[in-house]
Q: 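So that we are looking at the same thing, I have put the structure below in structure tokens.
For ligands, and for the atoms within them, numbers begin at 1 and follow the listed sequence.
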Amino acid sequence: MRNIVKQVSPRERDFDMHSPAMGLPASPDGGHKGELIAPSDSFGDAEDSWKDVDAKGKIALLELREPSLRGAKEERVSGCHGGEHATRPRIADDQTEAARRALAHARAAGISAVLFYLEGADILIGLRFDAPGDKELPPASVLRSVDATALRKDMDAGGTTVHVDLELRERSVDTFNVLTVPPDADAARHLFGAHLDSVPMGPGIDDNGSGSAVLLDLAFAHADRKAGPVEFCWWGGEEDGLRGSRHYVDTESLKPVRGYFNMDMVAVPNYVVGVYGNGPQSHYTDHLKTIDQPWLEGPDDGMSDQVPFLLADVPVAGSTPSAAGPRR
Ligand SMILES: [Zn+2]
């Protein structure tokens with residue numbers, strides 16, 4: 001399978017770390033080689049983003065918008081009270097929507113291929129397009145922010161040419177959740193969860209071997225202490241759209257669930273103790289206070305397995321070493 005993003009001039013450089021967007025067409029045989037250009041607004045999702053720009057046959061470098069959970073919440077159909085959950089919006093729908101608009105404008109301007117990046121995000125970000133008409137958009141991949149910055153430097157210094165050759169074959173795979181079974185399914189309990197999968201292009205050590213291992217350790221500790229009814233959940237398919245946790249929220253009774261604690265990327269070596277949540281994080285912060293450990297409190301939005309619970313009105317909390325940044 002070919003998936004190439006290369007800088008051709010003024011220097012040769014391979015960008016091995018990029019994440020082709022799912023659901024878009026592949027590049028033609030041999031890919032596209034062209035000048036890399038950016039619109040005036042950097043996002044390219046406005047009607048006039050490419051006004052007065054000769055974009056034909058060129059490759060666009062476009063900034064992604066930050067996903068906003070608030071946007072997703074506003075779109076949510078109300079009416080969870082009867083026990084039936086209304087259809088929930090896909091996570092980061094707003095980011096995908098903006099990217100879709102940007103791709104449509106790029107196509108209209110004659111752009112051959114698009115390279116996205118999310119400012120400050122040096123991890124791989126997957127975009128998935130599955131609306132009617134998406135197959136008409138240009139092929140696209142997502143670069144790390146650090147690589148986009150390097151390319152922009154050359155762009156600004158006189159121009160740069162890149163070669164983009166994307167071919168993405170979608171395939172279906174089975175995934176699964178590993179759940180502990182509470183002795184009484186109706187007993188009030190707290191859930192602790194971590195995702196078992198990782199991104200395809202990464203060893204998965206921090207994301208999320210770290211959270212899965214901490215969860216296992218917690219389960220052992222709990223078995224010894226019997227500290228109250230809890231359920232441990234190792235989720236599948238988080239990186240492909242929070243599949244495991246969404247399935248749980250869609251199919252299990254949430255009535256007995258008093259709160260959900262998420263563990264994702266808990267081993268980032270940046271020496272920051274971070275917590276987030278909409279209430280239950282006091283369990284963490286009360287403890288941190290007693291041991292005199294400073295912490296940073298971050299937003300409770302993000303893109304990990306706490307989100308389906310949050311959208312279903314289950315109080316959530318999580319610990320993260322990078323509370324100030326987006327969670328993935
Ligand atoms: Zn993760």
Side-chain angles (χ1 to χ4, degrees), residues 17-22 64 66-69 72 88 90-93 95-96 116-118 120-128 142-146 173 175-179 191-219 232-249 260-270 272-278 280-281 284 296-311 314 316-328:
M17 299 283 277
H18 66 98
S19 176
M22 308 276 282
L64 282 174
E66 281 279 354
S68 109
L69 186 62
R88 288 185 203 88
R90 286 264 299 280
I91 305 314
D93 263 359
Q95 185 184 51
T96 310
F116 285 109
Y117 66 97
L118 179 63
D122 291 332
I123 54 174
L124 294 177
I125 294 168
L127 285 177
R128 173 183 291 269
V142 187
L143 294 177
R144 298 182 308 166
S145 176
V146 62
V173 294
T175 185
F176 53 87
N177 291 334
V178 179
L179 308 171
L191 261 54
F192 292 80
H195 72 85
L196 270 177
D197 60 317
S198 67
V199 291
M201 290 174 76
I205 296 170
D206 178 40
D207 188 11
N208 188 28
S210 66
S212 299
V214 168
L215 192 64
L216 189 59
D217 201 47
L218 260 183
F232 296 97
C233 314
W234 285 268
W235 308 118
E238 190 265 0
E239 303 288 0
D240 295 314
L242 315 178
R243 306 270 166 183
S245 50
R246 283 168 62 205
H247 178 77
Y248 185 99
V249 166
Y260 172 71
F261 293 84
N262 194 54
M263 278 146 220
D264 192 356
M265 297 171 70
V266 294
V268 177
N270 65 358
V272 174
V273 174
V275 296
Y276 62 90
N278 58 354
Q281 73 274 26
Y284 293 131
L296 282 179
E297 197 151 346
D300 62 18
D301 60 355
M303 294 174 67
S304 190
D305 290 307
Q306 76 276 13
V307 175
F309 290 95
L310 190 62
L311 291 173
V314 174
V316 303
S319 63
T320 160
S322 50
R327 309 287 308 136
R328 291 194 170 84

Q: Could you report the tightest heavy-atom contact between Ser145 and Leu118, atom names first, then the distance?
A: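 Shortest heavy-atom contact: CB-O, 3.4 Å.
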
Q: Do Val178 and Leu196 have side chains that get closer than 4.5 Å, going by heavy atoms?
A: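 The answer is yes, as the side chains (C-beta and beyond) meet within the 4.5 Å cut-off.
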
Q: Is Glu239 close enough to the Zn ion (ligand 1) that one of its N, O or S atoms comes in under 2.8 Å?
A: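 It does not; every qualifying atom lies at 2.8 Å or beyond.
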
Q: Compare every heavy atom of Gly126 with every heavy atom of Ser19, then report the nearest pair and how far apart it is.
A: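 Between these two residues, the closest heavy atoms are OG-CA, 3.7 Å.
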
Q: Evaluate side chain to side chain donor-acceptor pair (under 3.5 Å) for Asp207 paired with His195, printing each intermediate quantity in order.
A: CA-CA 8 Å; Asp207 188 11; His195 72 85; 2.9 Å; yes

Q: Which atom, among the N/O/S set of Asp207, is closest to the Zn ion (ligand 1)?
A: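 Sorting the N, O and S atoms of Asp207 by distance to the Zn ion (ligand 1) puts OD1 first.
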
Q: Please report, to 10°, the angle around the Zn ion (ligand 1) from atom OD1 (Asp264) across to atom NE2 (His195).
A: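 An angle of 90° at the metal.
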
